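I have placed the structure first, in the form of structure tokens, so that the comments after it can refer back to it.
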2 protein chains.
Amino acid sequence: MTSQDNTITPIRVASLASQVHDALAEMLLSGALRPDDRISMRDLAERLGVSVMPVRDAVARLVAQQALVVLPNRAVAVPLLTRGQFRDLTEVRVHNETHAAALAARRATQAQVAALRRADLAFEQALAAADAKPAVKANKDLHFVLYEAAGSPVLVEVIGALWLKAGPIINLDLEQDTRRRRTAVSRGWHARLLQAVEARDAQAAADAVEADIRSASEFILSRDILPA
Amino acid sequence: MTSQDNTITPIRVASLASQVHDALAEMLLSGALRPDDRISMRDLAERLGVSVMPVRDAVARLVAQQALVVLPNRAVAVPLLTRGQFRDLTEVRVHNETHAAALAARRATQAQVAALRRADLAFEQALAAADAKPAVKANKDLHFVLYEAAGSPVLVEVIGALWLKAGPIINLDLEQDTRRRRTAVSRGWHARLLQAVEARDAQAAADAVEADIRSASEFILSRDILPA
DNA sequence: TGCCGTGATCTGAGATCACAGTTGCAGCCG
DNA sequence: CGGCTGCAACTGTGATCTCAGATCACGGCA
């Protein structure tokens with residue numbers, strides 16, 4: 001074994017705090033955590049089989065990302081947005097995600113275009129499942145394959161934080177059927193998006209993403225579930 | 001004293017962690033912390049006169065905001081961006097800050113326009129100080145008066161995180177004179193920005209902010225201080 | 001002189017504890 | 001029956017400790 005041996009990969013072990021953060025992020029994105037849910041750090045630590053420390057770190061991260069809030073009584077909760085706040089969030093998402101889509105249409109490598117096709121196929125397959133969770137996850141995967149193709153890591157971070165904030169609202173605990181039908185509405189926009197990226201049409205890609213986001217947002221706002 | 005008494009303000013005590021976070025954020029924005037600086041949590045705790053716990057919480061927040069990074073050897077450091085990464089950061093800043101400026105030009109109340117004038121005056125006065133720090137702070141104050149006038153709290157949070165990331169680079173420990181001259185270049189753009197907001201000219205406001213950001217960014221990139 | 005090994009020190013991560021604030025519930029009184 | 005009070009339990013925050021990994025300095029050997 002010499003220093004030229006490239007078969008050894010550096011070992012990086014994710015800290016417990018990072019793992020807790022990922023688990024919580026997943027719960028936010030999937031709608032398992034809902035607006036106004038309280039999070040007890042001791043309870044979560046017990047359920048995850050760790051001490052409170054890594055949970056504290058993870059919660060602190062998510063508070064910084066605005067995905068969780070500290071209430072005046074010190075409780076940690078999932079933010080409950082008003083309709084106006086949700087609109088604001090939607091507008092900032094549209095502004096950044098359309099930009100990422102346009103950049104991706106111009107910059108995506110062939111490998112990234114292929115990955116986007118695979119993600120679209122996975123999304124179609126996930127829609128066939130009785131449970132809505134696979135479709136929610138496949139939708140997120142598809143979006144982030146796209147945004148990473150934008151070649152702007154800072155932009156992807158910004159968008160990631162926005163998704164953490166939007167996840168609990170968009171995936172409010174609808175009936176499974178409504179949820180799946182709701183997610184399926186994205187099919188058409190995804191198809192247009194894929195065509196746009198293949199055609200290197202930045203404007204069309206941005207328009208498809210905008211329509212996708214607004215469609216989901218209007219559905220939420222039409223149902224009178226957020227406070228005024 | 002009845003429940004109609006509006007003279008009583010709820011008491012909110014900032015947690016030690018929040019105070020440490022604010023102190024660190026100020027150090028990042030002012031350039032007191034520089035790219036690649038290591039942050040020892042025990043050292044910082046001792047200097048701030050608190051235990052390590054609130055420092056850990058604060059650091060976790062800043063790591064989530066991408067303003068600090070955890071290195072492979074577990075050290076916590078201020079990110080050292082490559083030139084490409086700094087360009088990426090600049091582009092995302094331009095994209096979001098011009099949008100905020102345009103919204104502000106359309107939406108600012110008269111009180112907010114007056115606050116912007118006062119911030120501009122404060123900036124001019126700060127330029128007269130021998131120390132560059134007041135000017136750096138006044139510049140930041142002016143920008144955030146503007147962005148808050150956009151009426152999009154989500155956008156202000158996005159921009160705030162970007163500024164935490166950009167602060168150490170833009171305010172690299174130049175000589176005081178170079179620093180002050182550098183900051184003074186913004187005067188012209190600030191004047192145009194103020195005119196644009198007063199005239200409700202969204203495009204001119206966005207252009208002034210873009211020019212301001214790009215001017216500072218090109219200065220940094222022209223000095224060969226970031227790794228390729 | 002350069003490299004390697006060893007020991008000391010420093011460091012972040014995780015665990016545990018204490019404290020003070022908050023909440024919920026039961027009981028009592030008007 | 002409603003409101004108030006008291007108490008127990010829960011909670012986040014901060015303090016302290018331990019552990020394991022990382023780094024640095026020094027000494028010995030080739």
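No hydrogens, no waters, no symmetry mates; every other heavy atom, side chains included, goes into these values. Since the structure is predicted, the reported quantities are computational estimates derived from the model, not experimental observations. Residue numbering restarts at 1 for every chain, and letters A, B, ... go by the order of the sequence lines.
The list of salt bridge (Lys or Arg N to Asp or Glu O under 4.0 Å) pairs with a residue in residues 57-76 of chain B, not counting sequence neighbours, reads A/Arg56-B/Asp57. Within the structure, every pair that satisfies the salt bridge (Lys or Arg N to Asp or Glu O under 4.0 Å) test and touches residues 41-53 of chain A, not counting sequence neighbours, is listed here: A/Asp43-A/Arg47.
Counting to the nearest Å, the C1' atom of C/dG12 and the CG atom of B/Leu68 are 14 Å from each other. Between the NE2 atom of A/His21 and the C1' atom of C/dA13 there is a distance of 17 Å, given to the nearest Å. Rounding to whole angstrom units, CG of residue B/Leu16 and C1' of D/dT16 are separated by 15 Å. One interatomic measurement links the two molecules: CG of B/Leu71 to C1' of C/dG12, which rounds to 12 Å at whole-angstrom precision. A straight line from CE of A/Met53 to P of D/dT18 spans 16 Å, rounded to a whole angstrom. Straight-line distance from the CG atom of B/Asp43 to the P atom of C/dT11: 7 Å, rounded to whole Å. For the pair B/Met41 CE and D/dG14 C1', the interatomic distance rounds to 15 Å; values are reported in whole Å. We find that CZ of A/Arg42 is positioned 11 Å from P of C/dC17, with the value rounded to whole Å.
A residue-by-residue look at A/Val52 and B/Val76 shows that B/Val76 has its nearest nucleotide of DNA chain C further toward the 5' end.
The side chain of A/Ser51 contributes no N or O atom lying less than 4.0 Å from OP1 or OP2 of C/dG14.
Without hydrogens or angle criteria, B/Arg34 side chain to B/Ala32 main chain gives no donor-acceptor distance under 3.5 Å. Using a distance-only test at 3.5 Å, with no hydrogens or angles considered, no donor-acceptor pair links the side chain of A/Glu97 to the main chain of A/Val94.
Here B/Glu91 pairs with B/Arg214 in a salt bridge; the nearest charged N to carboxylate O distance falls below 4.0 Å.
You'll find the side chain of B/Gln85 stays beyond 4.5 Å of the side chain of B/Leu80, heavy atoms only. Side-chain contact between A/Thr90 and A/Asp88: absent, with no pair of heavy atoms (C-beta onward) separated by less than 4.5 Å.
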So which protein nitrogen or oxygen atoms get under 3.5 Å of nucleotides 5-10 of chain D's nitrogens or oxygens?
none

Please list, for nucleotides 21-23 of chain D, all pairs of protein and nucleotide N/O atoms separated by less than 3.5 Å.
from   : atom 1 : to      : atom 2 : distance (Å)
D/dT23 : OP1    : B/Asn73 : ND2    : 2.7

For nucleotides 5-7 of chain C, which of its nitrogen or oxygen atoms have a protein nitrogen or oxygen under 3.5 Å away, and what is each distance?
none

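Remark: the A/His21 side chain and the A/Glu26 side chain contain no N/O donor-acceptor pair separated by less than 3.5 Å. A donor and an acceptor atom, one from each side chain of B/His190 and B/Asp212, are located under 3.5 Å apart.
In this structure, CG in B/Asn171 is found 8.0 Å from CG in B/Leu29, a value given to the nearest 0.5 Å.
Under the 30°/60° scheme for interplanar angles, the aromatic rings of A/Phe144 and A/Tyr147 are found to stand perpendicular.
With sequence neighbours left out, the side chain to side chain contact (heavy atoms under 4.5 Å, CB included) criterion links A/Val76 to A/Ile39, A/Met41, A/Val59, A/Leu68.
Among the atoms of the strands shown, only primed sugar atoms or phosphate atoms (P, OP1, OP2) are found under 4.0 Å from some heavy atom of A/Ile39.
The base of D/dG14 sits with one of its N or O atoms less than 3.5 Å from a complementary donor or acceptor on the side chain of A/Arg56.
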